[in-house]
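By convention in this document, chain letters (A, B, ...) are assigned in the order of the sequence lines, proteins followed by strands, and residues within each chain are numbered from 1.
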Number of protein chains: 2
Amino acid sequence: MNSAAPDVLAQRLADSGLRSTPQRELVYAVLLAKRDHPTADQVFTRVKEELPGISLATVYNCLETLVSCGLVKQVNLERESTRYCPNLHPHAHFHDEITGATHDIDLPPTIFSKLRAVLPPGYDAEGVEITFRGSAKLPAPSTSRESRTATAH
Amino acid sequence: MNSAAPDVLAQRLADSGLRSTPQRELVYAVLLAKRDHPTADQVFTRVKEELPGISLATVYNCLETLVSCGLVKQVNLERESTRYCPNLHPHAHFHDEITGATHDIDLPPTIFSKLRAVLPPGYDAEGVEITFRGSAKLPAPSTSRESRTATAH
DNA sequence: CCCTCGTTTGGAATTGTTCTAAATTGGCTT
DNA sequence: AAGCCAATTTAGAACAATTCCAAACGAGGG
Ligand SMILES: [Mn+2]
Ligand SMILES: [Mn+2]
Ligand SMILES: [Zn+2]
Ligand SMILES: [Zn+2]
């Protein structure tokens, strides 16, 4: 499915003194396979297809592990389930209020310096998040096996 | 405390065919008085000082009413309690990861056009949210009766 | 092999929010 | 002034997402 991904994961885990497990690998693979910012529960459903015995608690554990390794980011656009995003490039999110879908939007690198410029002195920002809300009329997600919501790496 | 505020509220409520009540007025007054993006529970605590009999459900109801009137916005920077912001000016949020405080940051109006420029065709954004995360070393909030976190209108 | 410790697991507990059904309130009509 | 009606408030139950817990598991290392 995805080639270098497991290696990257194994490496990051090792760096943190953690083990590579089938559960962790699969959760990560599922996130990479369909980048639609799934909830923990959606990840659970997808992962169960390949590993029917996995528990929801483990999915939460694995997601937390991936976040702490820096391979995945949590996305909270509204109060409801946290969503998970494996896209490490600087990007914004577009939340389609009609469909509920969340799309990645590539950001030109210059946007960050422009944004930091609005910060008054005394404020030191480590990160910036940009979220658009609205509706997207996209060229029809095409019923091909994997609808690509996100940035191609 | 605040002069024109109740009138604005009464007006907006009337526009929506809703009644002005002591609970709604007080919840709104509390939001305007200390613009630190309180949670529903914090609003509850503050409101109880003046209206000890109020219930948490009512605070939730009033906040929802204010949001639907367009006088208050919900802020969800992370998964945890929703916070409430009565600042209607276009502004960003700075979330201090150390103190947990959330500050309003005034935005130059031009930022919106710049941001819309990054949106690919097909995306139609009605709103944009910008959130900074980091730490702020501010000139000491001064122990005066009302620490002003936000924009002075 | 067997110990140890990191990991997984199911279920209970917690947290924030919404729902529900009954009591209260306030404006209108008579 | 009394009665009526619908909006509002209220307490507590219900809910959904997540975290906690204590037991079971499993991969190495001695
Ligand atoms: Mn939405
Ligand atoms: Mn925080
Ligand atoms: Zn993303
Ligand atoms: Zn604000």
S.K.: For the pair made of CG in B/N76 and P in C/dG16, what is the distance, rounded to whole Å?
M.R.: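 Whole-Å distance recorded here is 13 Å.
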S.K.: If you pin A/E80 and B/P22 to their nearest nucleotides in DNA chain D, which one's is more 5'?
M.R.: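 Final value for this comparison: B/P22.
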S.K.: For A/T39 and A/Y84, work out which heavy atoms get closest and say how close.
M.R.: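 Result for this residue pair: C-CD1, 4.5 Å.
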S.K.: Among residues 55-73 of chain B, which ones have heavy-atom contacts with DNA chain D below 4.0 Å?
M.R.: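 Close to the strand are B/S55, B/A57, B/T58, B/N61.
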S.K.: Regarding B/D124 and B/R116, does a basic nitrogen lie under 4.0 Å from an acidic carboxylate oxygen?
M.R.: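 Looking at B/D124 and B/R116, the cut-off is not met.
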S.K.: To the nearest Å, give me how far apart CG (B/D41) and P (C/dT15) are.
M.R.: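 It works out to 11 Å between those atoms.
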S.K.: In whole Å, what is the span from the CZ atom of A/R83 to the C1' atom of D/dT18?
M.R.: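 It is 15 Å, rounded to the nearest whole Å.
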S.K.: Could you check whether A/K48 makes a cation-pi contact with A/F44, meaning its NZ or CZ is under 6.0 Å from the centre of the six-membered ring and within 45° of the ring axis?
M.R.: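 Yes, a cation-pi geometry.
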S.K.: In this structure, how many angstroms lie between the C1' atom of C/dT24 and the CZ atom of B/R19, rounded?
M.R.: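 Checked: the CZ to C1' distance equals 11 Å.
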S.K.: From the list D/dT8, C/dG16, D/dA17, which nucleotide is the closest neighbour of the side chain of B/T21?
M.R.: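 Among D/dT8, C/dG16, D/dA17, the one nearest the side chain of B/T21 is D/dT8.
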S.K.: With respect to the phosphate group of C/dT25, does any side-chain polar atom (N or O) of B/Q23 fall under 4.0 Å of OP1 or OP2?
M.R.: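 B/Q23 to C/dT25 OP1/OP2: no side-chain N or O under 4.0 Å.
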S.K.: Taking the side chain of B/I54 as its heavy atoms from C-beta onward, which of C/dG16, D/dT10, D/dT9 lies nearest to it?
M.R.: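 From the listed options, D/dT10 comes nearest.
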S.K.: Atom CG of B/L18 and atom C1' of D/dA7: how far apart are they, to the nearest Å?
M.R.: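 Distance, rounded to whole Å: 9 Å.
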S.K.: For A/Q42 and D/dT18, give me the distance from atom CD to atom P, rounded to whole Å.
M.R.: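 Taking atom P of D/dT18 as the reference, CD of A/Q42 is at 11 Å.
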S.K.: Whole angstrom is fine here: how far is it from CG in A/L51 over to C1' in C/dT9?
M.R.: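 Checked: the CG to C1' distance equals 12 Å.
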S.K.: Just how far, in rounded Å, is P of D/dT18 from CD of B/E78?
M.R.: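 Atom-to-atom, B/E78 to D/dT18, this comes out as 14 Å.
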S.K.: Could you see if B/V75 belongs to whatever hydrophobic cluster contains B/I130? Use Ile, Leu, Val, Met, Phe, Trp, Tyr and a side-chain cutoff under 4.5 Å.
M.R.: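 Unlinked, B/V75 and B/I130 end up in two clusters.
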S.K.: Do A/R133 and B/E126 sit within salt-bridge range, that is, some charged N less than 4.0 Å from a carboxylate O?
M.R.: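 Judged by the 4.0 Å cut-off on N to carboxylate O distance, A/R133 and B/E126 do not form a salt bridge.
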S.K.: Between B/H93 and B/H95, is the ring centre distance below 6.0 Å?
M.R.: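 Ring centroids of B/H93 and B/H95 are no less than 6.0 Å from each other.
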S.K.: Under the 3.5 angstrom rule, does the side chain of A/N76 hit a backbone N or O of A/E78 as a donor-acceptor pair?
M.R.: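 Side chain of A/N76 to backbone of A/E78, a donor-acceptor pair under 3.5 Å: no, none is there.
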S.K.: Among the candidates D/dT10, D/dT18, C/dT7, find the nucleotide nearest to the side-chain atoms of A/T82.
M.R.: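 The listed nucleotide nearest to A/T82's side chain is D/dT18.
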